[in-house]
Every structure is written in C-alpha cells, then in structure tokens.
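What follows is a set of notes on a single structure, which appears directly below.
In what follows, every heavy atom counts, from backbone to side chain, and hydrogens, waters and symmetry copies are set aside. Order of the sequence lines sets the chain letters (A, B, ...), proteins ahead of strands, with each chain counted from 1.
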4 protein chains.
Amino acid sequence: MAQKQSAPDATRRSERSRRAIYDAALALVVEVGYPKTTIEGIAARAGVGKQTIYRWWASKADVLLEAFLDLGERAARAAGASGRAAYALPDTGDLAADLKLVLRATVDELRDPAFEAPSRALAAEGVVNEEVGRRFVAELLEPSLRLYVDRLRSAQEAGHVRADVDPRIALELFVSPLAQRWLQRTGPLTHEYTDTLVDYALNGLAPR
Amino acid sequence: MAQKQSAPDATRRSERSRRAIYDAALALVVEVGYPKTTIEGIAARAGVGKQTIYRWWASKADVLLEAFLDLGERAARAAGASGRAAYALPDTGDLAADLKLVLRATVDELRDPAFEAPSRALAAEGVVNEEVGRRFVAELLEPSLRLYVDRLRSAQEAGHVRADVDPRIALELFVSPLAQRWLQRTGPLTHEYTDTLVDYALNGLAPR
Amino acid sequence: MAQKQSAPDATRRSERSRRAIYDAALALVVEVGYPKTTIEGIAARAGVGKQTIYRWWASKADVLLEAFLDLGERAARAAGASGRAAYALPDTGDLAADLKLVLRATVDELRDPAFEAPSRALAAEGVVNEEVGRRFVAELLEPSLRLYVDRLRSAQEAGHVRADVDPRIALELFVSPLAQRWLQRTGPLTHEYTDTLVDYALNGLAPR
Amino acid sequence: MAQKQSAPDATRRSERSRRAIYDAALALVVEVGYPKTTIEGIAARAGVGKQTIYRWWASKADVLLEAFLDLGERAARAAGASGRAAYALPDTGDLAADLKLVLRATVDELRDPAFEAPSRALAAEGVVNEEVGRRFVAELLEPSLRLYVDRLRSAQEAGHVRADVDPRIALELFVSPLAQRWLQRTGPLTHEYTDTLVDYALNGLAPR
DNA sequence: GACTAAGCGAGACGGTACGTCGGGTCTTTGT
DNA sequence: ACAAAGACCCGACGTACCGTCTCGCTTAGTC
C-alpha cells in the first residue's frame, strides 16, 4: 500500500490555492504555450509556493490535466445551470442531421483558443507519455465517445444502422478523421468537411 | 539580406558527424524517450561538439525529424535495392483486399519500437509546435496518403468507388481511426480492427 | 508597550516539551553538526510542533544556548548533590599548582563530545552574531572567568602576584591561548601545554 | 586518484568571472553579513552563472576564503610596490616596543570593516567546519604567527628572552588574548590593552 | 460540569536558497 | 573554416527549511 512519500492531508488543502493554480496554468498555456509554461511560472502567477504544486501534483501535465477537467466541469455546470446537461447527443430520429450538428459544434469548440491550447498540450503530452495519455483518454475523450456509442445504438434499434455494426468502431469513421485533422493539421476543419464525413460514413453503415 | 548567423558552408560539412548525430538521436529517443533526449546527450553520444548540432539544426525536433527521414530513406533504399520500390499501393483490382493488406502492414510497422519511438516523438512535438507539425505532415505523412489517393482514383475509374467521392477525404475513413488509436491509445491495434474499418468504410464509398 | 506578538503565558508552558526540545537539540548538534541541525529537525525529533519552538525561542542558536545552559545546570546539580559545588577554584596556596590542575580539567572537558559539539556551535554562532555572542560570553564564559579573577586576587593578597597586575587581564594569559587552540585548532591541547602556559605566564618570558 | 567529478579545465577559466566573484562575495559579506550571503546572491551580483561558482568552489566558505586570501595578496602587493614587504616584524632591538607597535597595528586592522566582516565570517565557519578551519589557520593565521616566532628567536639570541622558552607557545601569551577578545567580544580592544599584555607576558605576573 | 482560552502536535502555506541539469553562445585548440 | 571540447550565462528543476498560519485536541482555570 505504497504512498507517495507521506501523503499530504487533503482535508487541510487550500481551495484558494488550487483555484489560483488552475487559473494560472490555463492562462499560461494559452499565453506562452505549453513548453514555456513552467511550474515555477505557474506558482509565481498563482501567488503560491512551488512546494504547494509539488505537494498535490506529480508533474506539469498533471496540473494541466486537472485544471482542464475542472474547466470542463465548470463549463458543464454553467451550461447545466441554464437547464440542459450534455449527457446525451441530440436524438431527433435523423441520425445524419444529429451527427452533423454535433460535429459542427465540435469544430467550433476546437477553434476556441481557451480550449485549444490546453487540450492540444495535453494531447501532445499524452502521445509521448503513456500515463498522461491514458488519463487524457479515460477522463476526457472516452466520456464523449460514449455519447456517440449511445446515439448509434439508438439508431440501430430504429433500424437506421445495420445491426452487425460495432458502434465503438463505427464512431471512429467520423470522429477520428476530425481528430487527426485537428491534431496533425492534415487539412482544414470546416462544417462542410464534417458533413461530408458523416455522409461517407453513414452510407457504409446504413442497411441496404 | 540577413542570414541566420553567417550561414555555414555546407560543402565543408562533416558527413561523419551527421551520421553519428542521426544515430545518436534515434538511439536515445528509443532508449530514454523523447523528453529525456537532450542536445547535450546527443552530442556526447555522437562524440561531437554541441556547436556542431546548433550549427546545422534549429532544434532537437529538427534533428530528430531529419534523422527519421534519413532512416526512412535508408530503409527505402535497402528495400529498393532488393528490387521493389514502395511508390504505389498494390492494385490487384480488389480494393478491399489491397487496403486490408496495406493497413495490416502499417499496424505491424507501428509496433516496431525503432519506428514507433521517433515517430511518436515527432507527432507529439508536431501537435504543439506548428512548424514541426507542418514538416512532419508534409514530409512524412502526405507522401503516404498520396498513395491512398492514387489507389482510390484507380478504384473510381474501375467503378468500385462512387465517382462523386473525394479520395483525399475518403482515405481518412480508414487511415485516421488507425492513426488515432495509435497516437492516443484509444483502442487496440489489430489486424481484425483494420479489416473492419475497411469493410465499414468501403460500404459507404461503394456505389449501390 | 509592544510585546513580542502577544507574549505567551509561561505558566501554561509544557515542561515535557521543553525537556524534549533541549534533548533533541543537543543530540542533533552532536550527531549531525550545528549547520545541519534545523528547527524542523529538532521539532520532529522532540515530537513537538514547530510552533512550540517558535513560541518560546527566537532562533536555533537561542534554543541551543538554553539547552546548553540547562545541561550545565543539570551537571552542576549532579555534582553539587555529591557535596561539592564549583563556585570557586581550588586554593591550596600554590597558585601555579592550582591553575595547572584546573586547566588540565578544562582540557579534558573540552574533549568530551557532548560538551564540545554544542559549545563549539555556540561559539561559532557568537563570532558572527553579536547578540548570541554577548549571551554566550555573559552566561557561560564570564562566570568561569570570574573564578580566575577571584583566585588571582587571593594570590595577590598572599603576595604571590604583583599588586599592580589586573587579574581580569592576567587570566587571559593562560585562558585565551587555550581557548584559541581549541576554537581555531592552532595547536594540540595537552596537559603539558597548559602547564607550560601557567609557567610562562606566572614567570614571564624575560630573564630575571 | 579520485577527482571531483570530471575536474574542469583550469586553463580555460575566466579570470574576469573569478575577480567578479571575489568582489561580490567580499562586498556581500560586508553589506549583509555572512549568513545572508548566498551563493545565488554572489552569482547575481557578480553577473555570473551559479554553475560557474559550483564549478570552481566547494562551498560558500571556500569562495570567501579564496576571496579573502586574494584580498590579502592584493593588499600585500600594493604595500610591496611602495617598497616594503611585511615578511618580518620590526626588530629595533627593543622587543617590548616592537611587539606593542605590531599589536597596535593589528588592533587597528581588526577594526577595519572590510577586513573584519570576512575574517570574522571565516573564523566562525572554521570553528564549526574543521576543513575550513584548517585552511583558515594554515593559510591566514600561521604565516602571521611565524613572524612572531622569528622575532622571539631573535630576542632569544640577544638574551632578551630566556633560552628555554618555546617561541611558538610564548607568542600565544599576547596574541591569543587579543584574538579571543576580538572573536568573542570578551573585552574592549584598545592600544592600552595590548600594551599591558606585552608587559605582563614579557615580565610575568609573579613578583621578582 | 460546562465553558472558555490557552498551549500543543501537526502540517499546509508563501517563500528563499539550495545544488543540478540543460539550453544556447562563445572561445580555444587542433586539423 | 569546420570540428571537438567545454566554460560561460541563464533559467528551470525538484528539495529542504524558513517562519507564519490554521486546524482539531488536550488541559487548565472560571463561572
């Protein structure tokens, strides 16, 4: 039951410092970029001792991951407060239309610098650092992908998608191309592009 | 007409040092990982002065990119010497079979540590560093993707793929999911998986 | 009439903690040396909160000074319990013999690590820190020196020392050389050496 | 033949940096005191990287010791340039007068802050750190003491000091009291005081 | 016998300095 | 003129302590 050298007492933790560190980390990544964001810089900007960061997080990536998750939660709470929680994709019965809508929204979000900078940084770190990568996928990516699985299942029940199709793989036909274009800049991210992806992919998944 | 600090005379460049630097860079990335691969470390391992690296390359990523390109060229030359150059995908007339074959080979290659470590490192760097990303895509990724475009065009001429399909987008239906699973570890990389991708995708692209 | 941060109530002070802190401080100075003895270390070893130290003492040197004084008192009490209190130097009428005896005993004491480590530490601190230096001299050194003054006065009355000699200065002729050899390691500390000092000092260097 | 981790090449050493470090160290010790003089502070003030200090010196005390030795050499060279080298004490034939003169000069020097601050710091460090203490004595103290030995020998030859007296010990009768008063502040440092010391030491305390 | 109010162990906190690593520049010495 | 070597200035690393500041918990002394 090994602990990381005499684990600190979480009940005594300063909420104030945590918030300040999240804010500083996100701001710095946006302003100067991930590589030039340093723990020292985060601490200075947050008005916090370095040790307070090292006490609660294992690495720069770890800080940013939590900060980004927190950002997402706050955004979700803000959205949820206004009545709607994004726990499911829209389901109007028209699969193609629903997917196009969601993917267009995703494209827009990927362009928001406040989201782009940290998520790109985390994605990059995750490519090379397996531990971070696993957390990134498990805590950020998978929850979203699961929504697609649900929507595709519903479509299968409605007979709009072939029953023998594995939704977890099917979703990659339109999600992965978008992800790759974004991550690797292999092509422009436009609404027309995602519409096309949905068209191409659904033709393959729809029953004849 | 400012040059980057009195541009060095390339004709006097030491081929010996270049080779040693490439080898050292690739070896270190495999052995200790990209983040712990340092310019000092490369220089020391290559038995070369640091300045020799700074004279000819702009950054660690730059060194590795060239080293990796060189590795590819050497591999291609070795393959080419044995008679066959991979300037085109196989074209037996059976598109699905050809794609499955190539993707299976790609899966195998992606698992070879000598290729995986540096290409993963470069991909990661490219995500966060636009300059590197552009070169990575242009010099490593696009040449391969163009082969898929060619093969899909040929299939269109043969009437196996709808004429109104854009091959550059179509190829992403099976290439991008593979890329994402590899980069982000969102799922296992198996031959069955790529076979499934091809099946799902081609159904959508094939004429009815 | 400002007091140092709302002076603590000494009547409520924990005797247990004070003892533990003294013991820990002295033990640490012996074991790891003065520079590596830290307030945190003392607190941890004494099983005491850091604040308990900061509440009652102004500095590491302050703790050690009191701890050492306490050690001296305990030693004196132990000696006193056995009947004899060292409130005066021996006075057999033979000044040279008495001084030699006392200085030999001093040499032996200076070699006892339990005394050497803390007193050396305090002396060093006192050299550079005037406040500590003054307390060290006033509370530890002067009381001993006064005994020499008394003994020399007695010798003057007996006509063994010239009447015009200032005893406070005279005592330095044999005490200071010993002190310097000890503090600065300018030479070996032996019984022969202190005997010689007494001879030289009492008789002078010039021929009669 | 163990070296301290791949010893640096002294021939490539920057004289400029060395000078700047000496100056900064001495200035800081005078201005803020030894304990608040930090390696980081020295480096900053000298306009030098910390590593340049760590490369050539083992500790703060080591830097200061060399800086102080260098200061002494420069002072000696300045004095030597004006014709007189202090390689010997004055020898007018009158031992008492010569000693009084020299000790009065010593008292004046001990009061010069530019000398006092660093030498006090080194003395303090030497009390607690044997390695530093030995170097301090060997390189700073002993050379001076040797001059007293020489002068006393000369006095012995002239019959002004008893032949059976050990000069190395005899000198401590007037030098050590001065040293202790200075180091430990056990009394005021005045010319009268040192005069008295010489009188007592040369003539002894006992009546003739 | 309950109610303050302090001292206390514990340890998180904002800081400063530590000693090390590596980045990128510059200089020296071959070759 | 490039190259090996490595000293240099600099900035960040992760750690150790500093001295301050809450947190419960115990322990008197007061109502």
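Residue contacts shown for C:Ser17 are limited to sugar-phosphate atoms, with no base heavy atom under 4.0 Å away. Looking at heavy-atom distances under 4.0 Å, A:Gly47 makes contact with sugar-phosphate atoms alone, never a base. B:Arg13 comes within 4.0 angstrom of the backbone, heavy atoms only, and of no base.
For F:dC2, the OP1/OP2 oxygens have no side-chain nitrogen or oxygen of B:Arg55 closer than 4.0 Å. Regarding contacts with the backbone of F:dA3, a side-chain N or O of B:Trp56 is found under 4.0 angstrom from either OP1 or OP2.
A pairwise comparison of heavy atoms in B:Ala25 and B:Val63 identifies CB-CG1, 4.0 Å as the closest pair.
Cation-pi geometry between A:Arg13 and A:Trp56 is met: under 6.0 angstrom from the ring centre, within 45 degrees of the axis.
Between A:Leu65 and A:Trp57 the shortest side-chain heavy-atom distance does not fall below 4.5 Å.
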Using nucleotides 26-31 of chain F, report all nitrogen or oxygen pairs with the protein that are shorter than 3.5 Å.
none

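On a pure distance criterion of 3.5 Å, no polar donor-acceptor pair joins the side chain of A:Lys50 and the base of E:dG14. Interface remark: the B:Gln51 side chain does form a donor-acceptor pair with the E:dC26 base, using a distance-only criterion of under 3.5 Å.
Between the OH atom of B:Tyr54 and the P atom of E:dC26 there is a distance of 13 Å, rounded to whole Å.
One N or O on the side chain of C:Lys60 and one on the backbone of C:Thr37 form a donor-acceptor pair closer than 3.5 Å.
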